[in-house]
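I have placed the structure first, in the form of structure tokens, so that the comments after it can refer back to it.
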Amino acid sequence: MIDLGLSKLAIIGVVALIVIGPEKLPKVARMAGTLYGRAQRYLHQVKSEVSREIELDELRNLHKEVTETAHSIKADVESSFQGAADDVEAAWRDHPATTPSPASMSDLERKARDFRRKKLSRNAAVPGWYKQRHGGRTHLISGAARVKKFRPRASTPSSFF
């Protein structure tokens, strides 16, 4: 970078004042300031793009490493599952399945039949005429509607007179 001290800047300013003249010096200084600002913005933009590219490159490398690791883990898991499946198949072939005895089958059928009968009696609909005669609810109402229905009536009219 160019090393400009205070004395060098003063000499440049005096020369610019002599060459340009006092009338045009503010306009030239304003133009130099805007050009300096543009240069700073351009440098900042270039630096941010370079840093962004570096970060993207790091992310690509990280993604590549993660996918390679995932593929190796997947292969290990598949091989262990295949080994476990082979062990289960071998054990299944060594010990044939036992079938339940006919006595236990009839016991299971009886239990299933009893369960169905009890469930039917629990879930069976009660006829409407029975509900009306014995005071059962014929249809559902909300809690707020029930409170309104059974709220005690006021003995005096509710007016402001």
Side-chain angles (χ1 to χ4, degrees), residues 1-98 108 111-112 115-116 118-126 128 131 136-161:
M1 188 106 195
I2 301 172
D3 186 26
L4 296 176
L6 188 59
S7 61
K8 290 181 183 179
L9 285 175
I11 292 173
I12 292 172
V14 170
V15 171
L17 184 61
I18 293 171
V19 172
I20 297 172
E23 312 85 40
K24 294 184 180 180
L25 187 62
K27 187 176 181 180
V28 171
R30 217 176 4 254
M31 186 173 58
T34 57
L35 290 175
Y36 181 69
R38 285 183 186 173
Q40 277 186 333
R41 284 192 297 273
Y42 179 73
L43 285 175
H44 178 70
Q45 184 180 7
V46 168
K47 285 181 183 178
S48 66
E49 286 181 13
V50 167
S51 65
R52 191 178 307 126
E53 285 297 324
I54 290 171
E55 289 174 0
L56 283 174
D57 190 36
E58 290 174 356
L59 285 174
R60 285 185 192 115
N61 291 337
L62 182 63
H63 181 264
K64 188 171 111 179
E65 291 175 7
V66 167
T67 53
E68 290 173 356
T69 306
H71 286 302
S72 66
I73 290 173
K74 180 182 175 188
D76 293 343
V77 168
E78 284 178 351
S79 65
S80 66
F81 275 136
Q82 186 61 37
D86 293 341
D87 292 343
V88 168
E89 270 189 43
W92 185 260
R93 275 179 273 163
D94 292 344
H95 300 288
T98 59
L108 286 175
K111 285 183 180 179
F115 176 77
R116 275 189 238 109
K118 288 178 183 175
K119 184 172 180 172
L120 181 63
S121 67
R122 279 193 307 258
N123 295 340
V126 178
K131 287 181 183 179
R137 292 189 185 146
T138 56
H139 57 275
L140 297 175
I141 60 173
S142 68
R146 200 173 297 117
V147 167
K148 183 180 176 186
K149 181 178 178 182
F150 295 109
R151 180 175 290 142
R153 304 281 184 229
S155 61
T156 60
S158 59
S159 63
F160 295 107
F161 294 114

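Any value given below was found using the heavy atoms of this structure, including those in side chains, with hydrogens, waters and symmetry copies removed.
- Here the CD-CD distance, from E55 to E53, works out to 10.0 Å after rounding to the nearest 0.5 Å.
- Pairing each heavy atom of I20 with each of L25, the nearest pair is CG2-N, 4.0 Å.
- With rounding to the nearest 0.5 angstrom, the CG atom of L62 is 12.5 Å from the CZ atom of R60.
- To the nearest 0.5 Å, the span separating CG on L59 from CD1 on I54 amounts to 12.0 Å.
- Rounding to the nearest 0.5 angstrom, the gap separating the CD atom in Q45 from the CG atom in L43 is 10.0 Å.
- Side-chain atoms of K149 and R146, non-hydrogen and from C-beta on, never get closer than 4.5 Å to each other.
- Between R52 and E49 there is a side-chain heavy-atom pair separated by less than 4.5 Å.
- Rounding to the nearest 0.5 Å places NE2 of H71 at 8.5 Å from CD of E68.
- A 4.5 Å side-chain heavy-atom check between E78 and Q82 finds every atom pair outside the cut-off.
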